[in-house]
Amino acid sequence: VQLQASGGGLVQPGGSLRLSCAASGNIFSIYVMGWYRQAPGNERELVATITTDGRTIYLDSVKGRFTISRDNAKKTVYLQMNSLKPEDKAVYYCNTNRRSWPWGQGTLVTVSS
C-alpha cells in the first residue's frame with residue numbers, strides 16, 4: 001500500500017485547510033485510519049482516527065476544530081482543519097491506527113501571520 005497526502009499549505013491563524021490522503025491497493029476499507037502529525041523536534045503523534053463505520057476519536061488539542069472523514073470507494077481519508085493555530089504547524093501523514101503501512105511523504109501545514 002502507498003499513501004499520498006496532499007492539501008497542506010500556508011494559512012493564517014484562524015484559517016482552514018482540508019487534507020486528503022489517498023491509498024493504493026484494495027484493502028483500505030477494512031482498516032481504521034488515522035491522521036498523524038510531526039512538528040520539528042517532536043515525536044509523530046496521532047491526531048484523529050476513524051473506524052470503518054465512521055466512528056471518530058480526536059486528540060484533545062484538536063477536538064472541535066478538526067474533523068476526520070473517509071470515502072472507502074475512493075480509498076481516501078480526509079482531515080478538515082478549522083480555526084488553525086500556530087501550534088498546528090507540522091507535517092501531516094495518514095496511516096492505519098496501528099501504523100501498518102509505509103509512511104508516505106506527508107503534507108506540510110504552516111500556520112503563520
Side-chain angles (χ1 to χ4, degrees):
V1 175
Q2 292 182 323
L3 299 166
Q4 181 63 54
S6 61
L10 172 63
V11 63
Q12 292 185 343
S16 298
L17 284 173
R18 188 191 192 210
L19 307 183
S20 300
C21 182
S24 64
N26 297 312
I27 56 175
F28 173 87
S29 64
I30 67 173
Y31 283 90
V32 176
M33 294 300 298
W35 278 98
Y36 298 77
R37 67 185 180 187
Q38 186 168 20
N42 289 357
E43 297 288 324
R44 193 167 299 185
E45 63 178 354
L46 181 59
V47 174
T49 61
I50 184 166
T51 64
T52 56
D53 60 351
R55 287 171 289 140
T56 57
I57 298 175
Y58 297 93
L59 187 68
D60 282 349
S61 61
V62 308
K63 282 181 182 177
R65 301 189 298 120
F66 291 10
T67 302
I68 187 172
S69 60
R70 67 191 294 165
D71 185 331
N72 289 334
K74 294 183 178 179
K75 295 180 285 187
T76 300
V77 60
Y78 304 96
L79 187 68
Q80 177 67 43
M81 305 187 296
N82 299 328
S83 303
L84 281 160
K85 303 176 180 180
E87 52 263 41
D88 295 319
K89 175 183 177 180
V91 179
Y92 284 72
Y93 305 84
C94 75
N95 209 318
T96 72
N97 65 326
R98 296 178 181 271
R99 309 184 178 203
S100 307
W101 300 331
W103 293 101
Q105 288 190 339
T107 187
L108 176 63
V109 172
T110 302
V111 185
S112 175
S113 55

**Student:** With side-chain contact (heavy atoms from CB on, under 4.5 Å) as the test, would you mind laying out the steps for Arg44 and Asn95 before giving the verdict?
**Tutor:** CA-CA 12 Å; Arg44 193 167 299 185; Asn95 209 318; over 6 Å; no

**Student:** Stepwise, does the side-chain contact (heavy atoms from CB on, under 4.5 Å) test hold for Thr96 with Met33?
**Tutor:** CA-CA 4 Å; Thr96 72; Met33 294 300 298; 4.1 Å; yes

**Student:** How would you list all residue pairs meeting disulfide bond (SG atoms under 2.5 Å apart) that involve residues 75-110, not counting sequence neighbours?
**Tutor:**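 Of all non-adjacent pairs touching residues 75-110, those that pass disulfide bond (SG atoms under 2.5 Å apart) are Cys21-Cys94.
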
**Student:** I'd like to know if Tyr36 and Leu19 are part of one continuous hydrophobic network [Ile/Leu/Val/Met/Phe/Trp/Tyr, side-chain heavy atoms within less than 4.5 Å].
**Tutor:**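 Result: no, two separate clusters.
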
**Student:** Return the CG to CZ distance between Leu84 and Arg65, rounded to the nearest 0.5 Å.
**Tutor:**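 One finds 6.5 Å between CG of Leu84 and CZ of Arg65.
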
**Student:** Do Arg70 and Ile68 have side-chain heavy atoms sitting under 4.5 Å apart?
**Tutor:**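 No, their side chains stay 4.5 Å or more apart.
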
**Student:** Calculate, to the nearest 0.5 Å, the distance between atoms CD1 and OG1 belonging to Ile30 and Thr52 respectively.
**Tutor:**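 Going from the CD1 atom of Ile30 to the OG1 atom of Thr52 covers 9.5 Å.
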
**Student:** Taking atom CD of Gln4 and atom CD of Gln105, what is their separation to the nearest 0.5 Å?
**Tutor:**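 If I round to the nearest 0.5 Å, the distance is 6.5 Å.
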
**Student:** Scan residues 40-96 for pairs that pass ring-ring contact (aromatic ring centres under 6.0 Å, His included), counting only residues two or more places apart or in two chains.
**Tutor:**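 ring-ring contact (aromatic ring centres under 6.0 Å, His included) check on residues 40-96 returns Tyr93-Trp103.
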
**Student:** For Ile57, what residues pass the side-chain contact (heavy atoms from CB on, under 4.5 Å) criterion, not counting sequence neighbours?
**Tutor:**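 Result, side-chain contact (heavy atoms from CB on, under 4.5 Å) vs Ile57: Thr49.
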
**Student:** What heavy-atom pair brings Leu3 and Ala23 nearest, and what distance separates the two atoms?
**Tutor:**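 Smallest heavy-atom distance, with atoms named: CD2-CB, 3.8 Å.
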
**Student:** Keeping Lys89 on the side-chain end and Ala39 on the backbone end, is there a donor-acceptor pair under 3.5 Å?
**Tutor:**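 Not at all, since once roles are kept as given, no pair shorter than 3.5 Å links the two residues.
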
**Student:** Stepwise, does the side-chain contact (heavy atoms from CB on, under 4.5 Å) test hold for Ser112 with Leu10?
**Tutor:** CA-CA 7 Å; Ser112 175; Leu10 172 63; 4.2 Å; yes

**Student:** Check for a donor-acceptor pair, side chain of Thr107 on one end and backbone N or O of Ala5 on the other, with a separation under 3.5 Å.
**Tutor:**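 No; zero donor-acceptor contacts below 3.5 Å.
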
**Student:** Establish whether Val77 and Leu46 are linked, either directly or via other cluster members, by ILVMFWY side-chain heavy-atom contacts under 4.5 Å.
**Tutor:**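 Shared cluster, no.
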
**Student:** Minimum heavy-atom separation for Ser113 and Pro13, please, with both atom names.
**Tutor:**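 Looks like N-CD, 3.7 Å.
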
**Student:** OG of Ser61 to NZ of Lys85: how many Å apart, nearest 0.5 Å?
**Tutor:**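 Taking OG in Ser61 and NZ in Lys85, the distance rounds to 7.5 Å.
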
**Student:** Holding to side chain to side chain donor-acceptor pair (under 3.5 Å), I want the full list of residues that pass it with Gln80, two or more places apart in sequence or in another chain.
**Tutor:**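 Gln80 satisfies side chain to side chain donor-acceptor pair (under 3.5 Å) with Asn82 only.
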
**Student:** Locate the shortest heavy-atom distance separating Ala90 from Gln38; write the atom from each residue and the value.
**Tutor:**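 Heavy atoms of Ala90 and Gln38 come nearest at CB-O, 3.5 Å.
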
**Student:** What ring-ring contact (aromatic ring centres under 6.0 Å, His included) pairs are there with at least one residue in residues 6-32, not counting sequence neighbours?
**Tutor:**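 As it turns out, the ring-ring contact (aromatic ring centres under 6.0 Å, His included) pairs with a partner in residues 6-32, which skip direct neighbours, are Tyr31-Trp101.
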
**Student:** Does Glu87 have more than 12 heavy atoms from other residues, nucleotides or ligands lying within 6.0 Å of its CD?
**Tutor:**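 It does: Glu87 CD has more than 12 such atoms within range.
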
**Student:** How does the hydrophobic cluster around Val32 look, that is, which other residues are in it when side-chain heavy atoms under 4.5 Å mark a link?
**Tutor:**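 Members besides Val32: none; it forms no cluster.
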
**Student:** If you apply the rule side-chain contact (heavy atoms from CB on, under 4.5 Å), what do you find for Met81 with Asp88, and how did you get there?
**Tutor:** CA-CA 9 Å; Met81 305 187 296; Asp88 295 319; 6.0 Å; no

**Student:** Are the side chains of Arg37 and Val62 in contact, using a 4.5 Å heavy-atom criterion?
**Tutor:**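 Heavy-atom side-chain distance check passes, below 4.5 Å.
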
